[in-house]
Every structure is written in C-alpha cells, then in structure tokens.
Amino acid sequence: MTDVVAIKDQVEAAVQAALTEVLPAELAGADPVVRRSDRADFQSNATLAVAKKAHRAPRDIAADVVTHVAEGESPKIDAEVSGPGFLNLTVPDQMIWSNVAARLADDRLGVSTSRTGERVVVDYSAPNVAKQMHVGHLRSTIIGDTLARVFDHLGAGVIRQNHIGDWGTQFGMLIQYLDEHPDAAWRGRGAETMDALDGLYKAARKEFEADPAFADRARSRVVALQAGDEATVATWRDLVAESETAFEAIYQRLNIQLDHDNFDGESRYNPALPGIVEALTEAGIAIESDGAMVTFTDGVVNADGDPVPLIVRKRDGGYGYAATDLATIRLRVDEYRADRILYVVDARQALHFRLVFDTARRAGWLPESVHARHVAFGTVLGTDGRPFKTRSGDTVRLTDLLDEAVGRAHAILAERDTGLDAEELDAIANAAGIAAVKYADLSNTRTKDYVYDPAQMVSFTGNTGVYLQYAHARIRSILRKAEQTPPDTTATGTAATSAAGPDAGEPGMLAGVDVTAPLEPAERALALALDEFDQALRDVADTLEPHRLCGYLYAVATAYTKFYDTCPVLTAPNPTTRTNRLALCDLTGRTLDTGLGLLGITAPERM
RNA sequence: GCGCCUGUAGCUCAGUGGAUAGAGCGUCUGCCUCCGGAGCAGAAGGUCGGGGGUUCGAAUCCCUUCAGGCGCACCA
C-alpha cells in the first residue's frame, strides 16, 4: 500500500516551491492558497495575500511564479496570470490519469492513515434501561457511529462507549412494582419486552404518585438496590440484560457498530463517586452549597447573577450524572490513554459539559494535551417545524420511525421495474429505508435543528442516501456488463483493480489505465473529484462534521452523471478509452461504496 | 438578565477570506429513439436578517442591533 499524493497537494508543493524562489526569505513560508477553480483545475491566490508585505504588485509576483512553475519538474503544471494576480493552474492529463490508476490499485483508494497513533474515545447513543429507544437517540447514535468509523478508517485507535442509563432512583420504583405484580410478563419477549417495560414503568409511576404507601416501599427498594440486596439486584440485572438485547437488535438493524462490548453503564462508576467528591473537596474545588457539594466555573451565572453550580453530590447524598461524567473522564484519560474524547450529545447539554470540562481541568484529571469536545447536535423537527412527535404528541419510537422509512422505500421500489424477486426487494427496501434516515440526518449541518421529512428522504433525486445508493448500483451494472461483453477489437482488458493486471508492465499503463490518454472535460471533472476523497475524510475528522462527507459523495455522484451523459463507456470509440472510462466507473463505484460505508450505509449491487 | 446555537432563492439546505453566492424540490424553455431517465443543457428566482468595521478582497473575521430556538441548583 502506497499513499497517493493528491493532485492538489502536488500543485500546492509546486506553487510553494515557486513562491520560495520568488519571495524574500522572510515570506518563504507563505500559504500557496490553492483552491479548486471554475476557470482552470486550480487557482492560487497567494500573490494577492503577500503583495503588500513583499512591496510588489500581485501581477508582478504572479508572473515570476509562472516562470518558476514552468521550470519545475515534469509533468509540467501550466500556470497563467489572471485578473488582479490570480494564478490559474492546469495540471497535465497524465498526472490525473496516474492518480486514478494509483487509487484504483490501492485497497484504501489512496486514503492515508493520517490519524495513526491517536486514541479517540467516542461516547454516543446512550439509551436508558427499561425504556424504548426513541427519536431522541437517533442523532447521537448515527453521528457518533459515523465519527467513530471515520477516525477508525484514518488509522486512529477508536474506543466506542455507549453510556447506558442503567442506574437511578427510578429503578427502585420499577423493581418494587414488578415485585408486587409477578404476573406481569416482560422477560424474554424480544422487541415487545421494551414495550412491556415502558407500560410497567408508567403504571409504577402512577401508583407512586397515587399511593404514599407504595411510594415508601419504592424508596426503600432504592436503598436495597444501592445496598446490594440480592433479590433486588437480580431483578435489576434482568432489566439491564433484557434492555441490552433490545438495544443490540436496533443497532444491528441500523447498522451501528455498537454491541455488548461497548456498553458502559453508569452503575459501573458507582464505587468511584465518593472518591471523586472527596478529591474535589480536598483540592478546594468543590464546596458545600445549600447542602450539596458543587463546583463553580468563572463567569457562568444564572438569571439572578448568581454563579451556576455543577452539583457533584446532591443534598440527599446521592450522585447525579455530573459525578459519573467526571469519573468517566478519569477512566478515559488514565486507563484508556485517550488523546481525544468526543461526547455526541444534544446541544442542550452545552452548559453541563462546559462545567464538567472546567472542573476536570482544574482537578488535573483532564490535561491540556487531551481534547475533550462536546459534539453537539440540534433537534429533529417535524415538517411543521416543531420537535418531531407523533400525531397524538408522544415521542416517536425508533422502531416505528424505521418501519415507516423502510415501508416508503419498499413502496417506491415496488413501483419501479427492477426485476427483483420479493426477497431481494425486501432486503433492498430495508437498506434504502435505513440509508434514507441516516443520510437525512448526516447530510445536514450537525449543530442545526433539521426537519425530518420521510417523503423527501427516500427520493431517488436530490441529495439523498437513496440517490447515492442508486448511483452506485448503476455503476455496478455497467461494470458487470463490461465483463460479459468485452470490446470487439483485441481486448485491452477491463479495468483491473490491481497493479498486477495484464497491462501493468507495459509502458504508459498503470492498473490497466493508459495514463497517456487525453481527457475529456467530464472525465477530468470526475477524476479531480475522486482525487479529493482523502481530503474530504480529513475534513470530517478535523471538524467533526459528517455532512462534509455527504456533500463530497453527492458532488462525486453528480460529476459521474455528467460523465455518464457525455462519455459512452461500453460503446466507447476505442478499447483504450473504454478501459480508461471503466477505470473511472470502478473508482467512482468504490469511492461511493467506501464513503457510504463510513456513513454506516450499505451500497447494494442492484436496486 | 446572562450564555450557547441559528438567520443564504418560494420551500429544504450547501458554501468559514478569493473572481459571477451554489444544489435539490417547485416553475418555464430546449435536447437525447444512448451503457438502468439518478436525465442533460438553459431560464426565471437572492438587500446572504439590518447597520458599522477590518482587508487588495467578507455570506465567511470583529463590533453592534433585530428575529427565532435552547439552556441557566440537586431529573438524567
């Protein structure tokens, strides 16, 4: 596996080298400011930026740069001055074909493992035991999964942690109710177990509020649970185990890389909590306030102008999630040696994380070298612009939401003349429905609220997951057909996916691609888009914004459409053109497949 | 009151210092009897919430203001 140097990087290096020659030594490190351009392959705006410091006219500097770029190593990059001093840069066809061939010859499509050696903890999903997963868990689960996949793909050591809500006073109430209603069926009922528990929890709450005697028994049950009473703990374990089974079923359906190995319940941290408060108190960071132990962060005040506390121990001696969040930080830093901790949590928790991180920093538990980041996301809205609810105003269960999306995808696919049998249709409708939901979420700017529109998201047109799956399927169709119908003249071979292809040894040939061939404009645009895959993935990791990958894949797909429209592949005018175009098809298909895979979306062979 | 997020085409959204602000949906006009019509090409549609500033250059950075959403002590 050899890393492929992106064409943009090659151009930057060439411009950088030229600038070093042209500018005074103290400006030698100037940013070459190379961007894609609609007037050439790339443009450099560097001369305008440095002109003032260099005491020269931008066009004058640009002219010198042109000369030096022209003297650079082959293959030559063509540069010309434009407007006030822009440099329009055009790269030779051979450079482009060479990168197509090199990416095709690499399993990783030339994407480097730029995050090697970094350890990243991703905290996401976080459902609650004995409760149905609902729309409120959707974004954390989907976004966290994608970020984990991208960091993993870039070579980082990723630790996925699903911080399950498995502890709290509500379990005393539920367990007491179950104990008093032994006939209530909920164990071992698969998907229905969670429905049953939801109902039992509501019933328990009702009784808790209506019957003071039950409320008392429920409170003492909390004490029993905390004290480790055997029978109580046994029921609690059942609740956790049944819930985890249900969560895993949803993750599998959603194609989320979480299973029991990633479950990290809050209860795990119970033994550490007294020590957390003790250490903070000894350090003078936590102080007593209204009976609770709290920490304060400079400059954070409430409506009355009083400082806002982080409550690490409640007045009644119990611990809230501030304490467990601090405990997890210690574990992740000390044991897991994390370099980066990502909390994929609703934006409304922003203040909480600010206080937690500040407290952990001051306690010395979170050194400056470790990046802790609240990866905030907005609310899922209905088409009415208000938080997404059922018609009756209830929270939407995740299973129902997925059922609807898959159902819509099924209806659309059934109307199309796909020639698929019923079983295939079901499988593909499922893949399409899941893709629709995930892509709709991931393609929007993370921090903004977004409108959940089932009709739009399963559409075959526009920036949707289904559109990208369809683009991939059609490319695969062409590649299959190419194998069945070789060109009528002496075969140059189909697009080889390995450098060991039959033509690899011939001059001008790489991975079956003739790198000396001329490029059509549509081929050029597509190839240059494909060359940016690595950069797109780095951008996602740098910004923690998955929608950049969505935008990239959509740009690739639309570039492919224009190519497809103007450049016949199977009926290309000659075998070399056909082979090279098949190579573009192959690389496009694999880029979409890999990119969708990083979004947690499968790309079917046909649909 | 303070803090965070958001404001871009009729609608849903991209675009975080570069030349003419882009897509999809919707509207209008052409084109292709072609490898899976995911059409393709073009038109119409914009005070980038308003104002000021920095810069050779601002949707993008800074200040200010307006509007909306959210958060601000013992629920997680």
Side-chain angles (χ1 to χ4, degrees), chain A residues 33 35 37-39 43-45 48-49 51-52 57-58 82-86 88 126 128 165 167-170 266 289-294 299-316 318-322 324-325 346-352 354-355 376 378-379 381 383 385-387 416-419 440 443-445 447-451 453 455-456 459-464 466-479 481-482 485 543 547-548 550-551 554-555 557-558 560-562 564-572 581 585 606-607:
Chain A
V33 202
R35 303 285 135 86
S37 172
D38 51 4
R39 306 178 177 218
Q43 67 181 59
S44 166
N45 314 321
L48 291 100
K52 190 167 266 187
S82 172
F86 294 107
N88 288 340
N128 294 310
W167 200 252
T169 52
Q170 74 274 20
E266 290 172 349
S289 172
D290 284 351
M293 293 304 295
V294 306
V300 180
V301 295
N302 66 14
D304 301 325
D306 298 326
V308 174
L310 180 73
I311 296 167
V312 292
R313 192 180 67 202
K314 296 187 284 185
R315 184 163 33 192
D316 66 4
Y319 299 95
Y321 76 151
T324 45
D325 275 349
D346 192 300
R348 287 175 292 198
Q349 301 290 328
L351 178 58
H352 167 73
R354 182 175 169 194
L355 301 179
T379 306
L381 306 176
T383 43
R386 301 172 58 189
R416 299 172 69 92
D417 186 19
T418 53
S443 60
N444 282 284
T445 302
T447 51
K448 291 168 70 167
D449 296 348
Y450 84 96
V451 176
D453 183 351
Q456 183 273 333
S459 169
F460 273 70
T461 60
N463 188 8
T464 69
V466 178
Y467 169 86
L468 294 177
Q469 286 178 315
Y470 191 47
H472 172 264
R474 288 189 54 178
I475 292 167
R476 296 299 305 159
S477 169
I478 288 182
L479 292 170
K481 203 161 283 184
T485 58
T543 62
H547 81 280
R548 291 170 186 269
C550 298
Y554 184 62
T558 51
Y560 181 82
T561 304
K562 283 166 188 155
Y564 175 86
D565 198 56
T566 55
C567 302
V569 178
L570 298 178
T571 56
R581 286 179 180 171
C585 291
R606 57 190 95 223
M607 64 191 296

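Letters A, B, ... are given to chains in the order of the sequence lines, protein chains preceding strands, and every chain is numbered from 1.
Across every strand in view, B:C2 sits in a pair with B:G71 that passes the Watson-Crick or G-U test at under 3.5 angstrom. Pair assignment for B:G17: none, as no Watson-Crick or G-U wobble contacts are both less than 3.5 Å. Pairing of B:A58, defined by two Watson-Crick or G-U wobble distances under 3.5 Å, is not identified with any nucleotide. Taking a pair to require two hydrogen-bonding distances under 3.5 Å in either a Watson-Crick or a G-U wobble arrangement, B:A43 pairs with B:U27.
Atom-to-atom, CZ of A:Arg476 to P of B:C35 comes out at 19 Å; the value is rounded to the nearest Å. Atom pair A:Asp346:CG and B:A76:C1' shows a separation of 12 Å (rounding to whole Å applied). Spacing between atom CD of A:Gln43 and atom P of B:G57 amounts to 18 Å, rounded to whole angstrom units. Rounded to whole Å, the distance from CZ on A:Arg348 to C1' on B:A76 is 13 Å. Atom OH in A:Tyr467 sits about 14 Å away from atom C1' in B:C25, given to the nearest Å.
Summarising the geometry, atom OG1 belonging to A:Thr558 is positioned 15.5 Å from atom OH belonging to A:Tyr564; distances are rounded to the nearest 0.5 Å. Annotation: the span from A:Gln456 atom CD to A:Thr461 atom OG1 amounts to 8.5 Å, rounded to 0.5 Å.
Shown here are the side chain to side chain donor-acceptor pair (under 3.5 Å) partners of A:Arg548, two or more places apart in sequence or in another chain: A:Thr543, A:Glu545. With sequence neighbours left out, the side chain to side chain donor-acceptor pair (under 3.5 Å) criterion links A:Asn302 to no other residue. In this structure, A:Asn444 has no side chain to side chain donor-acceptor pair (under 3.5 Å) partners at least two apart in sequence or on a different chain. Evaluation of the ring-ring contact (aromatic ring centres under 6.0 Å, His included) rule for A:Tyr319 yields no partner, not counting sequence neighbours. Every side chain to side chain contact (heavy atoms under 4.5 Å, CB included) that A:Ser477 has, sequence neighbours left out, goes to A:Arg480. Looking at residues two or more places apart in sequence or on another chain, you find a side chain to side chain contact (heavy atoms under 4.5 Å, CB included) between A:Pro568 and A:Thr571, A:Arg581. Remark: A:Arg313 pairs with no residue by the side chain to side chain donor-acceptor pair (under 3.5 Å) rule, at least two apart or across chains.
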Mind listing the N/O atom pairs, protein and nucleotides 72-75 of chain B, below 3.5 Å?
residue, atom, partner, partner atom, Å
B:A73, N6, A:Ser289, OG, 3.1
B:A73, N1, A:Ser289, OG, 2.7
B:C74, O2, A:Arg315, N, 2.8
B:C74, N4, A:Asp290, O, 3.4

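Dashed line: the shortest gap from a side-chain N or O of A:Thr447 to OP1 or OP2 of B:U6 is under 4.0 Å. The shortest distance between the side-chain N/O atoms of A:Tyr564 and the OP1/OP2 oxygens of B:G37 is below 4.0 Å. Contact annotation: A:Thr461 does not reach the phosphate of B:G24 (side-chain N/O to OP1 or OP2, under 4.0 Å).
Here A:Phe86 counts as stacked on B:A19: its ring centre is under 5.5 angstrom from the base ring centre and the planes meet at under 30°.
Residue A:Tyr554 places its side chain closer to B:A23 than to any other of B:G71, B:A23, B:C35.
Contact annotation for A:Ala572: no contact, since no heavy-atom pair falls under 4.0 Å across all strands. When heavy atoms are screened at a 4.0 angstrom cut-off, A:Met293 is found touching no nucleic acid atom at all. Here A:Cys567 lies in heavy-atom contact (under 4.0 Å) with a base. At a threshold of 4.0 angstrom between heavy atoms, the contacts of A:Ala347 with the nucleic acid are absent.
Spacing between B:C75 and B:G15 at atom C1', rounded to whole Å, works out to 40 Å.
Aromatic pair A:Phe460/A:Tyr470: centroids less than 6.0 angstrom apart.
With hydrogens and angles ignored, a donor-acceptor pair closer than 3.5 Å exists between the side chain of A:Asn88 and the base of B:A19.
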Base contacts versus sugar-phosphate-only contacts with protein, heavy atoms under 4.0 Å: please encode nucleotides 10-16 of chain B as B, S and - from 5' to 3'. --SSSS-
